[in-house]
Amino acid sequence: MAEQPTTTERFIQGILPENPVYRQLLGLCPTLAVTANLQSALTMAGAVCFVMFCANVVISLIRNLLKPHLRIVVFTLTIATFVTIADRFLAAYLYGMSKMLGPYIPLIIVNCIIICRCEVCASKQSPITAAGDALGQSIGFGIALFSIAFVRELLGTGTLFGFQVMPETWPGWGIMVLPPGAFLTFGILLAGVNRITMYQDARKKHRGL
Amino acid sequence: MHSNFIDQVKKSNLGQAWLVLLLTIFFGGSLAGVQIKLGPVIEQNKINETLEKVPELIMGKALAEKMAAQQQLTDIRPMRVAVDYEGRQIVYSAYETRYQGKMLGWVVKTAGRGYADTIELLLGLDPTISRITGLYILDQKETPGLGNKILEEKWRNQFIGKSVNNPVLVVKTGAKGEGEINAISGATISSSSVTQIINTATSQLRPVLAADTGPAQIKNDREKTSGPEINSDKE
Amino acid sequence: MIYLLDLFLIALGAALINNFVFYYFVGICPFIGVSRHLDMAVGMGCAVTFVMVIAAFISWTITTFVLMPGAPVSAWVAGFFLAPETAATIDLSILCYIAYIFAISSSVQFVEMYVRKFFPKLYESFGVFLPLITTNCAILFACLTIMAKVTAADTPADAWGLDKALTLAFFGGLGFTIAIVIMAGIREELELADVPRPFKGAAITLIIAGILAMAFMGFTGVDAGLRNALAM
């Protein structure tokens with residue numbers, strides 16, 4: 001069996017080299033749906049972080065008791081429970097935000113990132129590694145959401161976190177906060193990330209020779 | 001023999017699924033705890049969302065703030081009003097507002113189709129349902145930059161004081177008539193959706209609310225905001 | 001007449017105006033992953049529609065009878081343990097999400113077994129997509145929309161019946177199929193196009209999706225106009 005990565009490696013991998021959104025293309029629904037402004041994007045990232053952290057740790061604690069064919073059921077049950085808890089907390093303490101995010105909070109249940117981390121890391125490694133992995137992945141997810149929301153809010157409304165930053169004369173590209181803007185922004189950012197990767201790969205190859 | 005029994009248990013369904021069952025019980029317990037702790041807070045949030053706006057919609061922002069600062073609280077009575085309209089029963093959430101027993105007006109929650117999605121709004125009305133005293137948009141998904149200008153106070157304030165004895169009309173520019181509202185340029189449909197929602201609500205509610213003289217016609221529903229005992233007005 | 005108009009507008013809204021993919025961004029993962037070939041896209045679309053209708057049926061039933069506040073079955077069961085007044089207000093809606101995800105997984109399993117046994121031909125064409133659907137957010141989204149319409153209604157008369165729930169699910173699935181089939185058609189042609197290298201794969205798909213979403217925005221407001229034209 002191949003050597004499993006250590007906690008630090010897991011943590012760092014999640015942030016950029018294996019970024020869940022830009023590299024693995026997982027969890028795209030919230031990435032596109034809640035990035036019209038920065039507040040909702042960061043709330044979403046926080047909720048995903050909470051669920052992923054708890055689910056990863058719990059799964060890792062019971063990893064030796066898991067039956068292979070009941071594995072997915074246990075994953076789903078755990079994730080759905082923590083999503084419900086996160087949803088209630090938001091509704092109780094951040095009511096406006098909870099109303100704005102609407103169905104996208106419960107949709108975290110079917111966010112492939114979390115189930116994928118449970119499968120790849122938590123069901124094989126210790127709770128500490130699983131926790132590090134969850135944090136790394138959720139920071140990676142948060143960065144991805146932040147970058148998309150930054151572009152969309154800045155160009156769409158001329159604000160960041162609701163504060164005016166562009167000159168008052170900025171017309172506001174309405175399309176950026178509408179659905180098409182999400183697809184276009186993410187597509188262009190993704191191409192940018194691909195370009196950087198290609199550049200790095202080429203340099204590595206060059207050095208190797 | 002003994003090990004045989006253990007093997008059998010391990011192979012049975014229960015032996016396979018004990019972890020799932022145990023987790024279910026554990027998670028069920030924690031969810032129940034969350035519900036008991038947070039359920040009331042969430043309910044309160046839902047009520048506050050509308051209740052907070054009521055004084056402002058009846059008396060205008062300045063007066064409402066002044067009264068709140070002086071601790072002069074209005075008495076808000078949530079109720080449900082059933083209207084028979086073309087053979088269908090339509091139910092509105094309404095808030096009857098009184099100050100020291102004197103009737104100040106009504107706030108009605110109503111919704112209707114906008115340009116992109118449903119628009120949900122709170123409408124402040126005087127006791128006889130003849131004038132608008134305030135308008136607040138609770139929920140909308142109109143086009144950003146155009147239709148969502150219905151949220152702006154400047155546009156909403158046009159409605160204050162307008163008579164609703166006749167339907168409110170939307171005109172492109174230069175509204176001066178009694179029941180005329182300037183449309184948002186580029187968003188005529190969003191603007192007229194709002195007036196249409198208002199017109200429907202006022203025409204349906206006027207016979208019931210304006211004639212209201214007390215609890216005889218409309219049941220107070222303070223304890224239960226959703227209950228089976230809805231009073232229908234069959235005139 | 002008004003009844004039919006309501007159903008028609010729900011159908012139109014789910015399929016075109018508020019398309020699941022282009023307006024609500026649900027089901028993006030299969031939309032990007034399985035839209036390379038036309039036949040695969042059709043298979044995926046059919047499988048999603050099929051499962052969505054079944055999941056909508058199950059979730060509507062359990063929401064109405066068991067989970068929503070004061071639901072008849074749970075009130076009846078609770079009546080054995082609690083005082084009648086408390087039993088009538090019992091609220092299990094916190095269990096909604098867990099119930100839905102299990103309803104979806106089990107209906108996927110069930111559909112898979114059934115189709116494999118009785119329609120082997122059909123299974124060959126879209127059976128492979130069935131396990132993938134469990135983590136398709138479009139299905140859960142349909143269940144959640146139905147939940148909101150059933151539980152958040154101000155009066156029992158406004159709550160959605162099974163007819164509306166199934167209409168939403170079927171036409172929502174149809175809207176997903178339309179989206180993924182259009183995309184697959186474009187991507188088949190795209191094989192021959194000279195796409196800049198960083199854009200190859202998902203990036204260009206997303207940009208095409210953005211342009212398609214703009215096209216679908218053209219449907220906005222159609223229903224308001226139709227309602228006015230037909231109802232007046």
Side-chain angles (χ1 to χ4, degrees), chain A residues 21-23 25-35 72-73 75-88 102-116 174-176 178-199, chain C residues 18-33 93-102 104-106 131-145 147-148 195-217 220:
Chain A
V21 174
Y22 283 121
R23 291 293 164 77
L25 293 177
L26 292 176
L28 298 185
C29 305
T31 309
L32 296 170
V34 302
T35 48
I72 300 291
V73 178
F75 292 170
T76 320
L77 187 66
T78 317
I79 295 169
T81 308
F82 286 116
V83 169
T84 311
I85 294 174
D87 180 65
R88 294 290 139 146
Y104 295 103
I105 290 288
L107 283 177
I108 297 175
I109 300 174
V110 283
N111 191 325
C112 335
I113 303 175
I114 303 176
I115 239 180
C116 175
I175 197 81
M176 293 309 273
L178 285 168
F183 285 109
L184 296 176
T185 314
F186 182 43
I188 290 168
L189 287 177
L190 183 64
V193 172
N194 286 348
R195 180 76 194 81
I196 296 169
T197 319
M198 276 159 53
Y199 176 71
Chain C
N18 299 344
N19 185 286
F20 275 26
V21 175
F22 294 128
Y23 187 80
Y24 290 120
F25 309 105
V26 290
I28 297 287
C29 298
F31 176 71
I32 288 172
S93 52
I94 194 162
L95 295 176
C96 274
Y97 305 155
I98 299 178
Y100 293 156
I101 193 73
F102 279 96
I104 294 168
S105 338
S106 47
L132 282 176
I133 290 174
T134 313
T135 52
N136 183 335
C137 25
I139 316 260
L140 184 60
F141 182 79
C143 295
L144 290 168
T145 315
M147 177 193 94
V195 179
R197 265 184 62 211
F199 279 94
K200 278 216 164 83
I204 191 75
T205 313
L206 283 163
I207 287 173
I208 294 169
I211 295 165
L212 284 176
M214 275 186 227
F216 270 74
M217 268 174 65
T220 325

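The model shown is predicted, which means the values in this text are computed figures rather than measured ones. Numbered from 1 within each chain, the chains take letters A, B, ... in sequence-line order.
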For this session: Kindly compute the distance separating CG (Leu184(A)) from CD1 (Ile208(C)), expressed to the nearest 0.5 Å.
Result: 11.0 Å

Exercise. Is the side chain of Tyr104(A) donor-acceptor paired with the backbone N or O of Tyr24(C) at a distance under 3.5 Å, no angle test?
Worked result: yes

Exercise. Closest heavy-atom contact between Cys29(A) and Gly27(C)?
Worked result: SG-N, 3.8 Å

Exercise. So what's closer than 4.5 Å to chain C heavy atoms on Thr31(A): side chain, backbone, both or neither?
Worked result: neither

Problem set entry | Residue selection (most heavy-atom pairs with chain A, distance under 4.5 Å) from Pro198(C), Ala203(C), Ala138(C), Ser105(C) | Pro198(C)

Exercise. What distance do Ile188(A) atom CD1 and Ile204(C) atom CD1 have between them, rounded to the nearest 0.5 Å?
Worked result: 9.5 Å

Exercise. Between Ile98(C) and chain A, which part of the residue has a heavy atom less than 4.5 Å away: side chain, backbone, both or neither?
Worked result: both

Problem set entry | Which portion of Val73(A) sits near chain C, non-hydrogen atoms under 4.5 angstrom | both

Problem set entry | Exercise: identify the closest heavy-atom pair between Leu77(A) and Phe102(C) | CD1-CE1, 3.7 Å

Problem set entry | Contacting moiety of Ile104(C), where chain A heavy atoms sit under 4.5 Å | neither

Seminar exercise, completed: Counting heavy-atom pairs under 4.5 Å with chain A, the top scorer among Leu144(C), Ile94(C), Val26(C) is Ile94(C)

For this session: List the atom of Cys137(C), the atom of Leu107(A), and the distance in Å for their closest heavy-atom pair.
Result: O-CD2, 3.6 Å

Problem set entry | Options Leu26(A), Ile109(A), Ile196(A), ranked by heavy-atom pairs under 4.5 Å with chain C, top entry | Ile109(A)

Exercise. Which region of Asp87(A), side chain (C-beta onward) or backbone (N, CA, C, O), has a non-hydrogen atom less than 4.5 Å from a non-hydrogen atom of chain C, or is it both or neither?
Worked result: side chain

Problem set entry | Residue Ile79(A) versus chain C: region with a heavy atom under 4.5 Å | neither

Exercise. What are the two closest heavy atoms between Leu140(C) and Pro106(A), and how far apart are they?
Worked result: CD2-O, 3.7 Å

Exercise. Can you say whether Leu28(A) sits under 4.5 Å from chain C via the side chain, the backbone, both, or neither, judging by heavy atoms?
Worked result: both

For this session: Measure across Gly210(C) and Pro180(A) and return the closest heavy-atom pair with its distance rounded to 0.1 Å.
Result: O-CB, 3.4 Å

For this session: May I ask you to name which of Asn111(A), Asn194(A), Val193(A), Val110(A) has the most heavy-atom pairs under 4.5 Å with chain C?
Result: Val110(A)

Problem set entry | chain A contacts, top residue of Phe216(C), Tyr97(C), Tyr100(C) (heavy-atom pairs, under 4.5 Å) | Tyr97(C)

Seminar exercise, completed: Honestly, the part of Met147(C) sitting under 4.5 Å from a heavy atom of chain A is neither

Seminar exercise, completed: Between the CD1 atom in Ile175(A) and the CE atom in Met217(C), the distance rounded to the nearest 0.5 Å is 4.5 Å

For this session: Please tell me if the side chains of Pro179(A) and Phe22(C) come closer than 4.5 Å, counting only heavy atoms from C-beta onward.
Result: no

Exercise. Ile101(C) and Ala80(A): which non-hydrogen atoms are nearest, and at how many Å?
Worked result: CG2-CB, 4.2 Å

Seminar exercise, completed: One should read off an interatomic distance between Phe183(A) CZ and Phe31(C) CZ, to the nearest 0.5 angstrom, of 6.0 Å

Seminar exercise, completed: d(Leu25(A) CG, Ile28(C) CD1) to nearest 0.5 Å is 11.5 Å

